[in-house]
Amino acid sequence: MSSNAEVASILYEIAEILTIKNDRFRSRAYQQAAQRITSLTEDVKKIRENGTLEDIPGIGKSISATIIEILDYGQSTILEELKESLPKGVQELMELEGIGPRIAMKFVTELKIVNIDQLEQAAKEGKIRDLRGFGEKKEANILQSIKDYKNRQTRFLLGSILPVVDEMVLWMKGSSSVNKIEVAGSFRRKKETVGDLDLLVASNNVDESSERFISMPPIERIVSHGPTRSTVYLKGHLQVDCRIIKPEAYGAALQYFTGSKEHNVKLRTIGVKLGYKLNEYGLFNRENDELVASETEEEIYNLLGMDWIPPELRENRGEIEAALERRLPHLIGYNEVKGDLHLHTNWSDGTASIFEMVEAAKSYGLKYIAICDHSKSLAIAHGLDEDRLSKQGKEIDKINKKLDDFKVLKGIECDIKADGNLDFPKSVLKDLDFVVASIHSGFKNDEKTMTERIISAIHNDHVSTIGHPTGRIIQKRSPYQLNLEKVMEAAAQQKVGLEINGFPDRLDLDDISTRKAKELGVKLSIGSDAHAPSQINFLKLGISVARRGWLEYNDVINTKF
DNA sequence: GCCGTTTTCGGCCCGACTGTTTTCAGTCG
């Protein structure tokens with residue numbers, strides 16, 4: 001774990017316990033500090049060495065001391081004391097939907113329940129309903145929550161829920177009451193994983209739209225259902241919150257439900273200072289409750305004294321300050337990437353021919369693709385040796401002759417071997433148009449070894465970009481031990497790109513590293529890593545990461561050509 | 001715990017839904 005992640009996770013833990021203890025404002029202070037640390041592109045160790053920790057907004061004397069303690073000793077006295085003071089079991093019980101700090105405390109102190117199993121037992125025996133403020137319904141809800149807890153998946157890959165979203169939107173559009181519809185929340189911000197979906201509907205007939213929503217086919221269970229807001233679980237335990245509003249409040253609602261929470265809190269704080277109140281119905285004059293703006297997001301942001309902020313940036317990572325000072329980046333557009341610089345065919349482990357991939361790329365609107373099949377070391381993926389690579393090159397020549405206004409580049413995803421050398425000699429690589437150099441073995445080596453291995457590849461004259469630079473698989477495999485900053489410095493100096501791999505469970509580099517790469521002067525290549533024609537769509541996910549990493553047109557290699 | 005073109009002390013974002021209660025606390029987003 002990087003020191004930034006380590007520090008942030010301890011600060012978050014402190015914040016969590018403070019919330020349980022109902023110390024709201026201190027909790028928020030720690031939470032904000034943790035969030036700042038998470039979104040830093042600089043190493044917190046370095047900032048500490050420079051003695052400028054307290055220059056970070058939200059970090060003062062006390063939290064700064066805590067950070068130093070964490071960096072020096074890997075732990076925090078404050079956290080240890082807080083943990084000590086918290087009755088055993090409270091945190092575990094709070095994992096359940098519908099159980100917050102108050103109820104968890106009540107169970108622990110009044111019923112001596114210290115874990116979920118004991119709670120289940122008590123609920124089944126009907127012991128919960130006798131507590132003050134409880135009844136049979138709450139008891140039944142607890143049993144349901146325990147059931148959900150036992151088979152819940154925490155977060156879903158952004159790329160994996162695209163079909164569900166399409167299906168949902170299509171269903172809702174089948175009702176004439178639906179005026180506008182959009183999935184807001186982390187889906188609209190294009191976070192790499194989403195916990196639930198926030199469906200926003202502008203409706204001419206609220207009741208009809210609401211009924212339409214809860215009669216959607218893939219619904220497994222309705223959790224709550226009111227006139228403006230409903231929550232359901234779809235099959236597979238994906239939670240969907242639907243909010244239904246009047247068309248004239250669409251902008252305000254969209255802004256509100258897109259979040260992030262931290263972004264919105266900051267925005268509303270700015271609103272308060274300007275004499276406004278901001279909620280999902282609009283921006284209001286605080287004095288007389290008069291509506292000032294609600295139809296579009298732009299009006300609201302503008303009245304708050306700033307430029308409209310693209311959803312992908314709304315994480316309170318400095319975007320509000322930038323918008324106030326009118327210096328937001330002009331983000332790379334979803335249609336500005338002209339080629340896919342990393343995809344596979346049935347020459348290695350892809351499912352489709354070169355020509356089929358070309359057809360898919362053309363219908364996606366691309367002007368070129370680089371065929372980057374695996375190299376010989378990756379035998380499991382049927383990697384190409386020199387002979388087959390040369391044959392593939394001839395086939396590409398043939399295909400190019402037939403193509404008009406589209407070009408197929410000869411490429412390779414070449415393994416970086418354990419010693420840092422590439423799988424092919426320079427004499428082979430020099431004839432290729434695009435070389436992605438990637439690591440597919442020896443993930444467990446130490447930081448120094450891995451860093452040197454990649455830097456050695458960066459110094460190979462024929463390497464164009466480093467593929468999936470950290471090797472992480474979301475929710476499955478951590479990044480390699482790597483000094484990413486050194487890798488980035490080398491890449492910048494050698495003018496070698498780093499990849500944003502768009503495959504749903506990779507998205508590697510991630511948003512924060514992407515932003516750091518940009519700051520260090522590295523150019524990024526975006527590749528879908530498609531292994532089938534339909535997967536060229538993953539390019540979009542890569543572009544989302546680029547946008548979340550504040551990239552502009554000129555930061556990305558494949559906007560050109 | 002942090003912060004200050006109103007403040008170094010006194011604030012700190014805002015509303016919907018549920019289940020219990022009979023006016024509201026708790027949870028969630």
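Any value given below was found using the heavy atoms of this structure, including those in side chains, with hydrogens, waters and symmetry copies removed. Quick caveat, the model's predicted, so the values are computed rather than measured. Every chain is numbered from 1 and lettered A, B, ... according to where its sequence line falls, protein lines coming before strand lines.
A donor-acceptor contact under 3.5 angstrom links the side chains of A:Glu519 and A:Thr41, judged on distance only. Donor-acceptor pairing under 3.5 Å is lacking for the side chains of A:Gln31 and A:Gln35.
Across all strands shown, A:Lys266 has no heavy atoms under 4.0 Å from either base or sugar-phosphate atoms. Across all strands shown, A:Gln31 has no heavy atoms under 4.0 Å from either base or sugar-phosphate atoms. When heavy atoms are screened at a 4.0 angstrom cut-off, A:Gln32 is found touching no nucleic acid atom at all. Counting any heavy atom pair closer than 4.0 Å across all strands shown, A:Arg36 reaches no nucleic acid atom. The residue A:Asp23 sits apart from the nucleic acid: no heavy atom pair falls under 4.0 Å.
Atom P of B:dC13 sits at a distance of 14 Å from the matching atom of B:dC3, rounded to the whole Å. Separating the P atom of B:dT20 from that of B:dG26 is a span of 14 Å, rounded to the nearest Å. Annotation: B:dT22 and B:dC17 have their P atoms spaced 23 Å apart (nearest Å). Across B:dC12 and B:dT8, the matching P atoms stand 16 Å from one another, rounded to whole Å. Between B:dG1 and B:dT18, the distance separating the two C1' atoms is 33 Å to the nearest Å.
Pairing each heavy atom of A:Gln239 with each of A:Glu97, the nearest pair is OE1-OE1, 4.4 Å. Closest heavy-atom contact between A:Ser186 and A:Gly195: OG-N, 4.4 Å.
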Stepwise salt bridge (charged side-chain N to carboxylate O under 4.0 Å, His left out) test for A:Lys83 and A:Glu13: CA-CA 9 Å; A:Lys83 275 185 180 168; A:Glu13 215 175 327; 3.5 Å; yes
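Taking side-chain N and O atoms only, A:Arg286 has a distance below 4.0 Å to OP1 or OP2 of B:dC14. Between B:dA16 and A:Tyr281, a contact under 4.0 Å exists linking OP1 or OP2 to a side-chain N or O. Using a 4.0 Å cut-off, some side-chain N or O of A:Lys277 falls inside it from OP1 or OP2 of B:dG15. The phosphate of B:dC14 (OP1 or OP2) has no side-chain N or O of A:Arg268 nearer than 4.0 angstrom. At B:dG19, one or more side-chain N or O atoms of A:Asn141 fall inside 4.0 Å of OP1 or OP2 (strictly under the cut-off).
In this structure, B:dG15 forms a base pair with B:dC28, meeting either the Watson-Crick or the G-U wobble geometry with both donor-acceptor distances under 3.5 Å.
Between A:Gly135 and A:Asn264, the residue whose closest nucleotide on DNA chain B is further toward the 5' end is A:Asn264.
Whole-Å rounding puts the A:Lys246 NZ to B:dA16 P distance at 13 Å.
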